[in-house]
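Take this structure first; my questions come after.
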There are 2 protein chains.
Amino acid sequence: MSGLFKPDLSALVLGTLAAGPKHGYAITRAIREAGRGNLTLGEGQLYPVLHRLQELGFVSAEWHAQTGKPSRKVYTITEKGKRRLAKQRREWSEVSAGISSILMQASKADNHG
Amino acid sequence: MSGLFKPDLSALVLGTLAAGPKHGYAITRAIREAGRGNLTLGEGQLYPVLHRLQELGFVSAEWHAQTGKPSRKVYTITEKGKRRLAKQRREWSEVSAGISSILMQASKADNHG
DNA sequence: TGACATATATCAAGAAATGATATATAATCG
DNA sequence: CGATTATATATCATTTCTTGATATATGTCA
């Protein structure tokens, strides 16, 4: 994830998979499109995260063969993953509210002390 | 910054200083309070960021002596820092909208392909 | 022919986060 | 009286993460 604000990539992956199973490359595109240039990610970041999510049981994976093109590894969010996503959504609401309150506050008089 | 979602600490520091000059320890408290437990940060993170912001001319610093207590280094946001903050606010709006759209989307039917 | 899209994966190098440690004083608690 | 917490700045080792390149393999477009 490039840029100044870096959300946990695992949350974005789970959020993307909540809309339906996807392979890694499709996840990359989905995140880039939803971010409209503000959320970019490299493969060097995505695949390790995907493997860790699978290892922890938040997603399951299945190989889908294709003729003439490389095989796809299709990921599906698990029940455990959905619970984690729910938790991450709550956390996101709180964190983003906190960041907004700090970032969007108006300038006031001195108050150091 | 701990937790799953990690905003750029420099943006939070500049945002905090926009409300008035503060010393490092006060910045820490301000961010923790505004984050209501969701934004925590260690000193090992804050001071290097503060020094880099000063080096880059986004903040200026001045020592304030105290009797019986350690001296404070009071930071003030510069004009350059204000312009940077304005940019970071815009970026935050876009990034947070993108994250929200990914995270808060409802589950749909399969659409891998 | 070269570049780009599809598709997964690893790796080295650099950047950042975590948590501890150091230093120093005052107040609070048992 | 000893321990802990708050104030206050700063560094450091360890671990973790990001970046950008590399590897492999095919189809399409200019």
Side-chain angles (χ1 to χ4, degrees), chain A residues 1-13 16-17 21-33 35 38-56 59-76 95 111-113, chain B residues 1-13 16-17 21-33 35 38-56 59-76 95 111-113:
Chain A
M1 196 64 51
S2 76
L4 294 168
F5 299 96
K6 304 171 187 178
D8 187 15
L9 186 50
S10 78
L12 295 185
V13 169
T16 302
L17 291 178
K22 279 176 196 65
H23 54 95
Y25 196 78
I27 294 171
T28 303
R29 280 183 315 199
I31 292 176
R32 284 184 184 156
E33 283 166 28
N38 301 295
L39 301 172
T40 59
L41 74 162
E43 303 88 64
Q45 240 186 308
L46 179 69
Y47 292 108
V49 165
L50 233 24
H51 298 160
R52 214 184 68 232
L53 285 174
Q54 185 181 3
E55 201 180 9
L56 295 171
V59 302
S60 61
E62 208 180 306
W63 281 101
H64 286 222
Q66 292 188 122
T67 48
K69 282 184 182 177
S71 290
R72 289 167 167 176
K73 203 171 176 182
V74 175
Y75 294 89
T76 305
V95 169
N111 65 338
H112 57 289
Chain B
M1 195 65 50
S2 76
L4 294 168
F5 299 96
K6 303 171 188 178
D8 186 15
L9 187 50
S10 77
L12 295 186
V13 169
T16 302
L17 290 179
K22 280 176 194 63
H23 54 94
Y25 197 78
I27 295 170
T28 303
R29 280 184 314 198
I31 292 177
R32 285 183 183 155
E33 281 167 29
N38 301 295
L39 301 172
T40 58
L41 75 162
E43 302 89 62
Q45 241 188 305
L46 180 69
Y47 292 109
V49 165
L50 233 24
H51 298 159
R52 214 185 67 234
L53 285 175
Q54 186 182 2
E55 200 178 9
L56 296 171
V59 302
S60 61
E62 208 182 304
W63 281 101
H64 287 222
Q66 292 189 120
T67 46
K69 282 184 182 181
S71 289
R72 291 166 166 177
K73 203 172 178 181
V74 174
Y75 294 89
T76 305
V95 170
N111 64 339
H112 58 287

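Computation of the quantities below employed the complete heavy-atom set of this structure, encompassing side-chain atoms and omitting hydrogens, waters and symmetry-equivalent molecules. Chain identifiers are assigned alphabetically (A, B, ...) following the order of the sequence lines, protein sequences preceding nucleic acid strands; residue numbering begins at 1 within each chain.
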* Hey, which of these two, B:Gln66 or B:Pro48, hits DNA chain D nearer its 5' end, going by closest nucleotide? ->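 Here B:Gln66 is the residue nearer the 5' end.
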* Asked: For D:dT7, does OP1 or OP2 lie under 4.0 Å from any side-chain N or O of B:Arg29?
  -> yes
* **Between D:dT19 (P) and A:Leu39 (CG): distance, integer Å** =>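 So the two atoms are 12 Å apart, to the nearest Å.
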* **B:Lys22 NZ - D:dT7 C1' separation (whole Å)** =>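 About 17 Å, once rounded to whole Å.
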* Please determine if a side-chain N or O atom of A:His51 lies less than 4.0 Å away from the OP1 or OP2 oxygen of C:dT8. => no
* Where do A:Arg32 and A:Leu41 come nearest, in terms of heavy atoms and distance? ->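 Residues A:Arg32 and A:Leu41, closest heavy atoms: NH2-O, 2.6 Å.
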* Asked: Taking all non-hydrogen atoms of both residues, which atom of A:Val59 and which atom of A:Tyr75 are closest, and how far apart?
  -> CG2-CD2, 3.8 Å
* Asked: Which atoms form the tightest heavy-atom contact between A:Val74 and A:Pro21, and what is the distance?
  -> CG1-CB, 3.8 Å
* Within this structure, what is the CZ-to-C1' distance between A:Arg72 and D:dG27, rounded to whole angstrom? -> 14 Å
* Measure across B:Ser10 and B:Val49 and return the closest heavy-atom pair with its distance rounded to 0.1 Å. =>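 Shortest heavy-atom separation between B:Ser10 and B:Val49 comes out as CA-CG1, 3.9 Å.
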* Could you please name the option among C:dA7, C:dA9, D:dT11 that lies closest to any side-chain atom of A:Trp63? =>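 Nearest to the side-chain atoms of A:Trp63, counting from C-beta on, is C:dA9.
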* To do: State which residues pass side-chain contact (heavy atoms from CB on, under 4.5 Å) with B:Gln66; sequence neighbours excluded, sorted by chain then number.
  =>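 side-chain contact (heavy atoms from CB on, under 4.5 Å) check on B:Gln66 returns B:Lys69, B:Arg72.
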* **Reading 5' to 3' through nucleotides 22-29 of chain C, protein heavy-atom contacts under 4.0 Å coded B for base, S for sugar-phosphate only, - for none** => --BSS---
* Structure fact -> Between CD of B:Glu33 and C1' of D:dA6 the distance, given in whole Å, is 13 Å
* B:Gly24 near the nucleic acid: base, sugar-phosphate alone, or nothing, with a heavy-atom cut-off under 4.0 Å? ->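 Contact class for B:Gly24: sugar-phosphate only.
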* Going by the angle between their ring planes, with limits at 30° and 60°, are B:His51 and B:Tyr47 parallel, tilted or perpendicular? -> tilted
* Structure fact -> Testing C:dT10, D:dA8, C:dT8 for proximity to the side chain of A:Tyr25, the answer is C:dT8
